[in-house]
Number of protein chains: 2
Amino acid sequence: MTAHSDHRPVETVETAINLLGVLKQAGRTGMGVTEVATELGLAKSTAHRHLQTLADRGLIVRAGDIYRLSSWFLDYGVHVRNQHPLYDLARPKVDELAAETDEKVWCVIEEDDTGVHLYGADGAHSVTTHARVGNRTPLHQFAAGKAILANLPEGQIARIIDGHGLSERTPQTITDPGELRTELDSIREEGYALNREESVPGVHAVGAPVRDEDGHAIGAISIAGPANRLRGELLTQELPDLLLGAVNEVEVNLAHI
Amino acid sequence: MTAHSDHRPVETVETAINLLGVLKQAGRTGMGVTEVATELGLAKSTAHRHLQTLADRGLIVRAGDIYRLSSWFLDYGVHVRNQHPLYDLARPKVDELAAETDEKVWCVIEEDDTGVHLYGADGAHSVTTHARVGNRTPLHQFAAGKAILANLPEGQIARIIDGHGLSERTPQTITDPGELRTELDSIREEGYALNREESVPGVHAVGAPVRDEDGHAIGAISIAGPANRLRGELLTQELPDLLLGAVNEVEVNLAHI
DNA sequence: GTCTGTGTTCGAATAGCGGGAACACACTTT
DNA sequence: AAAGTGTGTTCCCGCTATTCGAACACAGAC
């Protein structure tokens, strides 16, 4: 209900997070003390002290006079991924689907009202989009996301649609709340979601939700490929059938944990 | 020479990092406010405020009254991995080697005087050890690590051997500095390193360094398998040959960036 | 209905964060 | 050579923002 928290945050921690964000953007090049300080509007001394503590704790690494993010994040990130129940369960299915269809297959989970790409497998003729593992994407913009969104508790659906607004990604992206709701109805009815160039021009996709025992989606699996290949009955029949069989198996295994 | 820094750290940031560490340990179960507070010796209110800011910034996610790490770390971690020059270059070779040998193949990099597992590929008969992507391991304890260690600048080698001490992992782990130095000499001479149950009982491995234009190792690739399969000429001839060919190609590509 | 466990909020004291100025040092520039 | 410009580093002081403890709300157990 409340768009969370005016509650006074720990500002020092926030600057540390901002610092890490800036270093992420800097990438492999990294940044020096003064550069970080000006970028964040801090005194050189404070930037220095922050960088030093983060380096001492191993979050960032110093090479000469430039700092960059260390593999500490890889360690934590992989840990998060491995802990997720869908990772172990969906990964083999995702690999299978990629091998069978020769297309790009994704496993996506819901987190904080958005979709997160947990695992992806390449088929022989995979399209490469900008989607990467760890990426957060608004749920209404892609097949897996819509499949999830259609199967969330009603309160959460309302919060997502009315709250954040429906940002546009391509001209085909559904940005009208009413239109999206009827789309979600049809997704629930069919059991799967389609994406016709709504997130990437020239790319179509099919997505199906993975639901828990309450029927609420915890994630989804999707198959994506070039629009001229994924069309007709392949897009509306064969791939959905394949996909629904796969997610069904995942759901069964999920229940038996 | 100095084991770095008595320099006054930013304590607030340190507690935030500690908090994340505790939440990592808690895994998917997560932790509540009081649990975190007692674990870290903080007042409930401070733990509460920290958790709230971390959640607001998306680093952790709250489900009911328990908090756990979010995929924020996956995003940052994958970013770090993708940025590393060895990832793009070594990955195809690692996949190839795994397919050819049917064994487990790792790409390891050096960071902060330790080895970090950057990428791994499974062969048809892979052994599964506790090594995971993102894991930090002391360089002297495994084949890839020793291959790296043997090809670092002398100053850094001395710092690693004399500084941290040589911790034991199995009875076979080399813990004597003198013994390690002669081992490193032989590794430099042969071009590759062997690991005979020095990190995992029953597991042998071969590792070869990936060197930059100065001849210093930036990482290594290793092949690991059961001791009774990896022995004789396979271990000392065939696999090293295969491996040295692979790292050589990687080095060439590395120079042409 | 009481009790014990949560999470949450408030105010108040002081520790420690942040800033600025001076320092050391490495490269250019003249 | 010497002055100049850019680093990173250190110190100290003022004031803010962090921390704590205590009180509160709420839930479930007994």
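Everything numeric in this text was worked out from a predicted model, so none of it was measured. Per chain, numbering begins at 1; letters A, B, ... match sequence-line order. In what follows, every heavy atom counts, from backbone to side chain, and hydrogens, waters and symmetry copies are set aside.
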Between CD of Q52(A) and P of dC17(C) the distance, given in whole Å, is 13 Å
Any N/O pairs under 3.5 Å between the protein and nucleotides 23-25 of chain D? List them or say none.
none

Run the salt-bridge test on R91(B) and D88(B) with the 4.0 Å N-O cut-off and return the result as yes or no. yes
Students often mix this up, so state it plainly: with edges at 30° and 60°, are the rings of F73(B) and Y76(A) parallel, tilted or perpendicular? tilted
Under 3.5 Å side-chain donor-acceptor pair for Q141(B) and S167(B):
yes
For dC11(D), take OP1 and OP2 only and decide whether either is under 4.0 Å from a side-chain N or O of H7(B).
no
At under 4.0 Å between heavy atoms, what does T46(A) touch on the DNA or RNA strands: base, sugar-phosphate, or nothing? base
Just checking, any donor-acceptor pair under 3.5 angstrom between side chains of N195(B) and S199(B)? yes
Contacts satisfying ring-ring contact (aromatic ring centres under 6.0 Å, His included) that involve residues 10-64 of chain A (not counting sequence neighbours) are none
Rounded to 10°, the helix from dG1(C)-dC30(D) to dT30(C)-dA1(D) deviates from straight, judged by its five-pair end axes, by 30°
With no hydrogens and no angle check, just 3.5 Å: does a side-chain donor-acceptor pair link R57(B) and N18(A)? yes
#### Entry: Note, L184(B) side chain near L149(B) side chain (heavy atom, < 4.5 Å)
yes
With sequence neighbours left out, the residues meeting salt bridge (Lys or Arg N to Asp or Glu O under 4.0 Å) with E154(A) are R181(A)
The ring pair (Phe, Tyr, Trp, His ring centres under 6.0 Å) partners of Y192(B) (sequence neighbours excluded) come to none
Note: contacts of residues 60-70 of chain A with DNA chain D (heavy atom, under 4.0 Å) are R62(A), D65(A), Y67(A)
Enumerate all atom pairs, one protein N or O and one N or O from nucleotides 27-30 of chain D, separated by less than 3.5 Å.
none

From CD of E14(A) across to P of dA17(D) the rounded distance in Å is 12 Å
Taken to the nearest whole Å, CG/L51(A) to P/dG18(C) is 12 Å
Every protein N/O lying under 3.5 Å from an N/O of nucleotides 12-14 of chain C:
none

Q. Is any side-chain heavy atom of L118(B) closer than 4.5 Å to a side-chain heavy atom of R81(B)?
A. yes
Only one of R136(B), R132(B), K24(B) passes salt bridge (charged side-chain N to carboxylate O under 4.0 Å, His left out) with D75(A), and that residue is K24(B)
Rounded to whole Å, the CZ-P distance (R8(B) to dC11(D)) equals 9 Å
Worksheet entry | Whether D212(A) side chain and D214(A) backbone form a donor-acceptor pair below 3.5 Å | yes
For H117(B), the ring pair (Phe, Tyr, Trp, His ring centres under 6.0 Å) test, sequence neighbours excluded, returns W106(B), F142(B)
Those residues at least two apart in sequence (or on a different chain) that pass side chain to side chain donor-acceptor pair (under 3.5 Å) with D65(A) are R62(A)
ask   = Taking C-beta and beyond as the side chain, do R28(A) and P85(B) meet within less than 4.5 Å on heavy atoms?
value = yes
The single option from V22(B), T15(B), L23(B) that satisfies side chain to side chain contact (heavy atoms under 4.5 Å, CB included) with L19(B) is L23(B)
E11(A) atom CD is separated from dG18(C) atom C1', nearest whole Å, by 11 Å
The side chain to side chain donor-acceptor pair (under 3.5 Å) partners of E110(B) (sequence neighbours excluded) come to Q156(B)
In short, P209(B) meets A147(B) closest at the heavy-atom pair CB-O, 3.6 Å
Ranking R49(B) and S45(A) by the position along DNA chain D of their nearest nucleotide, the one closer to 5' is S45(A)
| task | Indicate whether OP1 or OP2 belonging to dG7(C) is found under 4.0 Å from a side-chain N or O atom of H48(B). | result | no
In numerical order, the residues of residues 20-43 of chain B whose heavy atoms come under 4.0 Å of DNA chain C are G32(B), V33(B), T34(B)
Assess whether atom CD of E168(A) is packed by more than 12 heavy atoms of other residues, nucleotides or ligands within 6.0 Å. yes
